[in-house]
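The shown structure was predicted, so the numbers you read here are calculated from the model rather than taken from an experiment.
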Amino acid sequence: MNIVFEKNWSTDNNGVPLLDSEVERYISVTPNENQLRLAEKPFYCFIHFGMNTATAREWGTGAESVKDFTIKSIDARQWVSVIKQSGATGIILTCKHHDGFCLWESDYTDFSVKYSDFNGDIVKMLSDECHRQNMDFGVYLSPWDMHDKRYGTSAYNDYFCNQLTELLTNYGEVFEVWFDGAKGKDAVDFDYDWQRYFDLIHKLQPKANMAICGPDIRWVGNEGGKTRKSEYSVVPRSLRDAEGVMEKSQQDESQAAELQNYKSTDEDLGSRAVLSKNSSLCWYPAEVDVSIRRGWFHSKNENITVKSPKKLFNIYVNSVGNNCTLLLNVPPNASGVIDKRDVKALRLLGEKINGITSSPIAVYNPGELSANDGYLEYSFDSVKKMRYAVIEEDIAHSQRIELFDFYIKKPNGKYIKMYSGTVIGSKKIIPIKGKKCIGACLVIRQSRSNPVIKSIGLYE
């Protein structure tokens with residue numbers, strides 16, 4: 001055997017401690033039950049729809065009236081079926097955006113569909129359809145409200161909690177509650193009562209994860225589908241500070257393009273060097289939020305900006321396949337349907353995602369490795385054209401792998417390194433591009449204690 005395989009976690013561990021008090025501290029940080037469920041369903045979609053759809057704006061002004069919501073109908077069945085074709089397992093609806101207009105028949109404001117010409121409760125229509133089609137349903141409620149006169153006072157926190165209560169009690173099970181920190185530069189300086197919101201969600205929807213200004217899921221740091229080379233889930237607890245997120249979120253409408261171009265691949269959030277300087281750690285996985293179009297609300301002027309299936313698939317591989325979840329925004333148009341261009345892109349994306357695992361060579365479930373498992377070598381009964389390798393750690397035992405190499409064994413018996421990576425976490429998708437091989441080898445170079453691998457899937 002080539003000696004390069006013998007330098008692995010069970011021998012020198014790349015020169016760092018395999019298990020000491022610090023490592024024990026790191027691996028003691030594990031996901032809760034809600035976060036474990038999240039890892040099983042890592043791809044879901046946003047639907048930005050509301051007053052801005054009717055007025056053809058990206059951000060509202062706060063001066064709109066219910067008469068400005070001119071949309072008469074929606075096709076919730078089409079929304080859900082189209083998104084389901086993409087491979088997504090859930091939908092989060094912008095129940096209220098910054099303009100303050102509510103898509104449900106709220107008892108606490110007259111600025112809602114209840115007082116418009118729209119006949120029905122859009123939140124109920126979509127949530128009912130999600131449940132019919134076995135899709136998860138989630139809600140977005142903007143803390144910032146341009147319209148409501150109570151904003152900036154303690155009465156607004158009461159109003160906001162009343163709204164949350166309606167959304168979390170009248171529409172079935174909710175899998176995620178999404179908050180952002182967007183706030184206009186001229187908005188009233190106002191502290192949201194985050195802990196009160198979180199406590200209410202825990203009480204009414206105990207299975208719901210809270211993102212992004214929330215304790216369960218963190219923002220990846222941009223809106224362009226970019227991730228870090230090493231996307232850790234065990235990070236300093238200080239990253240849960242909602243104010244830190246708010247300062248980096250959109251502060252005005254024009255900033256959307258800037259955030260899409262922001263690159264955070266050089267940021268280190270969870271290496272040993274970072275964790276050693278922080279006494280309090282938490283499990284805080286990253287969510288990648290990105291729109292299928294340039295904007296977040298539908299505009300016919302942005303039809304040419306619909307991302308191609310190839311671009312969407314690359315985002316999927318670099319997010320879901322890089323220890324993140326993916327929240328892909330799909331905005332319906334003012335006719336109440338998802339545009340045909342988006343429909344086509346989503347259908348083809350779903351085909352590409354299904355294609356990753358449609359032709360398995362073999363799937364292995366190693367579990368916790370021992371000192372005899374410094375590297376994992378597999379042989380095939382014939383020549384295969386491998387297209388993907390998919391590796392998953394058992395994150396119930398934390399995120400342990402820090403450095404690894406993946407090799408294929410050519411028909412002539414020689415090994416070729418196809419990929420060098422750092423963290424694996426909930427899932428790592430490695431494109432192999434149809435290379436002919438008769439075997440494969442995973443060499444874990446560095447780990448925090450013994451690696452615990454849930455599965456290694458090899459696919460043609």
Side-chain angles (χ1 to χ4, degrees), residues 29-47 88-95 136-143 164 167-168 173-182 192 194-195 197-202 205-228 230-246 248-250 259 264 267 269-270 281-291 315-316 318-329 393 395-396 398-399 423 425-427:
V29 181
T30 57
N32 59 36
E33 290 184 6
N34 291 350
Q35 292 168 324
L36 282 172
R37 281 194 297 271
L38 173 74
E40 294 298 319
K41 295 182 176 181
F43 174 33
Y44 37 98
C45 285
F46 230 155
I47 284 185
T89 59
I91 295 173
I92 299 174
L93 175 66
T94 55
C95 300
D136 294 330
F137 177 70
V139 298
Y140 164 96
L141 190 65
S142 172
L164 262 182
L167 291 173
L168 301 180
E173 186 169 296
V174 170
F175 85 102
E176 184 168 317
V177 180
W178 209 94
F179 297 131
D180 62 12
Y192 305 127
W194 290 113
Q195 193 57 53
Y197 306 162
F198 300 158
D199 291 343
L200 185 61
I201 295 166
H202 277 304
Q205 291 284 344
K207 293 184 179 180
N209 280 297
M210 287 172 271
I212 290 298
C213 292
D216 301 313
I217 305 170
R218 66 179 169 85
W219 185 39
V220 77
N222 65 88
E223 295 176 353
K226 304 292 185 181
T227 59
R228 297 166 179 81
S230 302
E231 202 65 72
Y232 289 95
S233 296
V234 178
V235 297
R237 188 174 293 272
S238 59
L239 283 172
R240 285 183 172 173
D241 181 6
E243 292 297 322
V245 177
M246 289 173 63
K248 297 177 183 177
S249 297
Q250 290 188 30
L259 287 167
S264 57
E267 295 182 11
L269 299 180
L281 309 177
C282 66
W283 186 272
Y284 205 26
E287 179 181 86
V288 175
D289 60 318
V290 61
S291 185
I315 291 173
Y316 177 89
N318 291 322
S319 56
V320 173
N322 191 31
N323 194 44
C324 300
T325 59
L326 173 60
L327 177 59
L328 175 64
N329 180 60
E393 286 187 75
I395 59 172
S398 194
Q399 183 180 8
V423 302
S426 59
K427 184 173 291 186

Query raised in the report: Under a 4.5 Å cut-off applied to non-hydrogen side-chain atoms, are Ile47 and Tyr140 in contact?
Result: no

Report task. Please round to the nearest 0.5 Å and tell me the distance separating atom OG of Ser319 and atom CG of Asp289. Result -> 11.0 Å

Query raised in the report: With a 4.5 Å limit on heavy-atom distance, are the side chains of Ser233 and Ile395 in contact?
Result: no

Query - Leu167 vs Val174 side-chain heavy atoms within contact, under 4.5 Å - result: no

Query - Check ion pair Glu40-Arg37 (N to O, under 4.0 angstrom) - result: no

Query raised in the report: Shortest non-hydrogen contact from Ser398 to Thr30?
Result: N-CG2, 3.7 Å

Query - Considering all heavy atoms, the nearest Ala208-Ile201 contact - result: CB-CG2, 4.3 Å

Report task. Please examine the side chains of Ile92 and Phe175, heavy atoms only from C-beta on, and report whether any two atoms are closer than 4.5 Å. Result -> yes

Requested in this report: Using side-chain contact (heavy atoms from CB on, under 4.5 Å) as the criterion, point out the one residue from Ile315, Asn222, Asn322 that pairs with Thr227.
Outcome: Asn322

Report task. Drop me the distance from Leu36's CG to Ser426's OG, to the nearest 0.5 angstrom. Result -> 10.5 Å

Query raised in the report: Judged by atom type as modelled, is there a donor-acceptor pair below 3.5 Å linking the side chain of Gln205 to the main-chain atoms of Leu168?
Result: yes

Query - Cys282 and Val235, any side-chain heavy atoms less than 4.5 Å apart - result: yes

Requested in this report: Measure across Leu327 and Glu287 and return the closest heavy-atom pair with its distance rounded to 0.1 Å.
Outcome: CD2-OE1, 3.5 Å

Requested in this report: Determine, step by step, whether Asn209 and Gln35 satisfy the side-chain contact (heavy atoms from CB on, under 4.5 Å) criterion, reporting the C-alpha distance in whole Å, the side-chain angles of both residues, the deciding distance to 0.1 Å, and the verdict.
Outcome: CA-CA 7 Å; Asn209 280 297; Gln35 292 168 324; 3.8 Å; yes

Report summary line: Shortest non-hydrogen pair, Tyr232 vs Arg218, comes out as O-NH2, 2.7 Å

Query raised in the report: Asp180 versus Ile212: any side-chain heavy-atom pair under 4.5 Å?
Result: no

**Report entry** Audit row: Leu328, Val290, side-chain contact (heavy atoms from CB on, under 4.5 Å) steps and yes/no
**Finding:** CA-CA 5 Å; Leu328 175 64; Val290 61; 4.1 Å; yes

Report summary line: Residues Pro215 and Arg240: closest non-hydrogen pair is O-NE, 3.1 Å

Report summary line: By side chain to side chain donor-acceptor pair (under 3.5 Å), Gln195 pairs with (sequence neighbours left out) Asp199

Query raised in the report: Between atom CH2 of Trp178 and atom CG of Leu141, what is the distance when rounded to the nearest 0.5 Å?
Result: 12.5 Å

Query raised in the report: Considering only heavy atoms from C-beta outward, does the side chain of Val220 approach that of Glu231 to under 4.5 Å?
Result: yes

Query raised in the report: Where is the tightest heavy-atom contact between Pro236 and Leu269, given as atom of each residue plus distance?
Result: CD-O, 3.1 Å

Report task. Would you mind reporting whether Gln399 and Trp283 have side-chain heavy atoms less than 4.5 Å apart? Result -> yes

Requested in this report: Apply side-chain contact (heavy atoms from CB on, under 4.5 Å) to Tyr197 and Val177, showing your working.
Outcome: CA-CA 10 Å; Tyr197 306 162; Val177 180; over 6 Å; no

Query raised in the report: Do Phe179 and Tyr192 have their ring centres less than 6.0 Å from each other?
Result: no

Report task. Starting at CZ of Phe198, measure out to CE of Met210 and round the result to the nearest 0.5 Å. Result -> 6.5 Å

